[in-house]
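Structure, as structure tokens:
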Amino acid sequence: QVQLVESGGGLVRPGGSLRLSCTASGSIFRLKDMGWYRQDPGIGRKMVAMVTSTDSTIYDDSVKGRFTVSRDSAKITVSLQMDSLKPGDTALYYCYLRNGHENYWGEGTQVTVSS
């Protein structure tokens, strides 16, 4: 089993910044992608940013240029630096990890952008 522990959500004003972090533990044998999804109100879960097994990064168009995803050298912690936040970024953010053929999710951390 793999466990994911997230931290860093909260309330921020438009234009502000937040940093999310997620650390994985457990039986990680064939780590592949690791990154972040978000659940927008009334909409399904969608990918925000991802670091692939080859250390490439992928972003949703809505966050390009504002969000930066990174993973530590041990490849068990993934972070999401979120700058120039907008009210539309308000959502529950989930850490995601793919280990072999299995997908794992964190419990989610709330990000609220409001004045």
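Atom set for the values below is all heavy atoms of this structure, side chains included, hydrogens, waters and symmetry mates excluded.
- Using modelled atom types, no side-chain atom of E6 and backbone atom of Y94 make a donor-acceptor pair closer than 3.5 Å.
- The shortest distance between side-chain heavy atoms of V113 and R13 does not fall below 4.5 Å.
- The structure places OG1 of T90 at 7.0 Å from CD of Q110, a figure rounded to the nearest 0.5 Å.
- A donor-acceptor pair shorter than 3.5 Å cannot be found between the side chains of T112 and S114.
- With values rounded to the nearest 0.5 angstrom, D33 atom CG is found 11.0 Å from N99 atom CG.
- Using modelled atom types, one finds a donor on one side chain and an acceptor on the other under 3.5 Å when comparing D83 with S17.
- Evaluation of the ring pair (Phe, Tyr, Trp, His ring centres under 6.0 Å) test over residues 34-55, restricted to residues two or more places apart or in two chains, returns Y37-Y96, Y37-W105.
- Side chains of Q1 and S25 form no contact here, defined as non-hydrogen atoms less than 4.5 Å apart.
- Taking a cutoff of 4.0 Å between a charged side-chain nitrogen and a carboxylate oxygen, D89 and R38 qualify as a salt bridge.
- Judged by the 6.0 Å and 45° rule, R98 forms no cation-pi pair with Y104.
- Listed by first and then second residue, the disulfide bond (SG atoms under 2.5 Å apart) pairs involving residues 57-112 are C22-C95 (not counting sequence neighbours).
- Between the side chain of Q39 and the main chain of L92, no donor-acceptor pair closer than 3.5 Å is present.
- Side-chain N or O atoms of R71 include none that pairs as donor or acceptor with a backbone N or O of T77 at under 3.5 Å.
- Cluster partners of L11, using a side-chain heavy-atom cutoff of under 4.5 Å among ILVMFWY residues and allowing indirect links: none.
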